[in-house]
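This report concerns only the one structure given below.
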Protein chains: 2
Amino acid sequence: MLNQQLDRVYAALADGSRRTMVDRLTRGPATVKQLAEPLTMSLPAVLQHLRVLEESGLVRSEKVGRVRTCRLEPAALQQAEQWIADRRAGWVHRLDRLEEFLNENEGESS
Amino acid sequence: MLNQQLDRVYAALADGSRRTMVDRLTRGPATVKQLAEPLTMSLPAVLQHLRVLEESGLVRSEKVGRVRTCRLEPAALQQAEQWIADRRAGWVHRLDRLEEFLNENEGESS
DNA sequence: CTGTTGGTTAAGCACCTACTTAACTATTCG
DNA sequence: CGAATAGTTAAGTAGGTGCTTAACCAACAG
């Protein structure tokens, strides 16, 4: 459940165009046109990226009149950050263990 | 350059099996066999996941005798964490501005 | 030397992804 | 109204991903 959501968030971030879109949205809401502007691809392609971002939960959008306005959903971003932070924390804790010292110095005599 | 590396790190993390492998490696180095143990797939499949992890820079491995030992490369993990942290920081800054706006216009209508 | 363990390579297959173009809808402007 | 704007849908295509099985090699263990 949560695992699949993490899959989608990381998969969404694994594309430069989508990261550009996310980056733009950190500076405030934007229309589809505005999100497309810095990208060198057709509008339908942008729509498909947007769909990936929405399905990952990173972005939410709402249509008013003929304009769709997109905004960031920081909870999903935080979830992805947290997973990494937790693992890095575990790794740091391991650094304190004697076992590593022993492994690194195994058979070192001269 | 760096962008492609980020692509690869996020793509590597976008798979539950690979995250399981990374998680295992936060508890110390492991052989291919050990990484494969909790996963319900063939050894060649695990090798392919390992290759993705190595190409992303998240994992480094070394073969001694017939045993390949893998360990985490936390720099890549930190890079991925940092990208998100930077964007979240930008978003938080924007929130402050919104809050400011709301405060300035407090009680202005009913 | 022989068998077992740990890993590796190759080939094949079922999806999935990131685009494209063409055609279309719905809103707003003059 | 009619044209321009903003977005959407559909269909096709090239290439990538995540597995599988079969066959294989290299390093120990007995």
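Residue numbers begin at 1 in each chain, while the letters A, B, ... track the order of the sequences.
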Smallest separation among heavy atoms of A:Val59 and A:Cys70, with atom names | CG1-CB, 4.0 Å

Which pairs, with at least one residue in residues 41-52 of chain B and sequence neighbours excluded, count as a side chain to side chain donor-acceptor pair (under 3.5 Å)?
-> B:Arg18-B:His49

Side chain to side chain donor-acceptor pair (under 3.5 Å): which pairs involve residues 56-68 of chain A, sequence neighbours left out?
-> A:Glu54-A:Ser61, A:Arg60-A:Glu73, A:Ser61-A:Arg68

Working to the nearest 0.5 Å, report the span between CZ of A:Arg24 and CG of A:Leu72.
-> 11.0 Å

Residues, nucleotides or ligands: over 12 heavy atoms within 6.0 Å of A:Glu37 CD = no

What string of B, S and - do you get for nucleotides 16-21 of chain C 5' to 3' if you count protein non-hydrogen atoms under 4.0 Å?
-> --SBBB

Side chain of B:Arg19, backbone of A:Asn3: donor and acceptor closer than 3.5 Å?
-> yes

What is the distance, rounded to the nearest whole Å, between atom CG of B:Leu50 and atom P of C:dG6?
-> 16 Å

Nt span of DNA chain D in reach of chain A heavy atoms at under 4.0 Å, 5' end first, is D:dA4 to D:dT9

dist B:Ser17:OG -> B:Leu50:CG (nearest 0.5 Å) comes out at 13.0 Å

Close residues, residues 55-70 of chain B, relative to DNA chain C [heavy-atom separation under 4.0 Å] | B:Lys63, B:Arg66, B:Val67, B:Arg68

Over all atoms of both residues, closest heavy-atom pair of A:Ala45 and A:Met41 = CB-SD, 3.6 Å

Of all residues at least two apart in sequence or in a different chain, which pass the salt bridge (charged side-chain N to carboxylate O under 4.0 Å, His left out) check with B:Asp86?
-> none

With distance as the sole test, does A:Tyr10 use its side chain to make a donor-acceptor pair with the main-chain N or O of A:Ala80 at under 3.5 Å?
-> yes

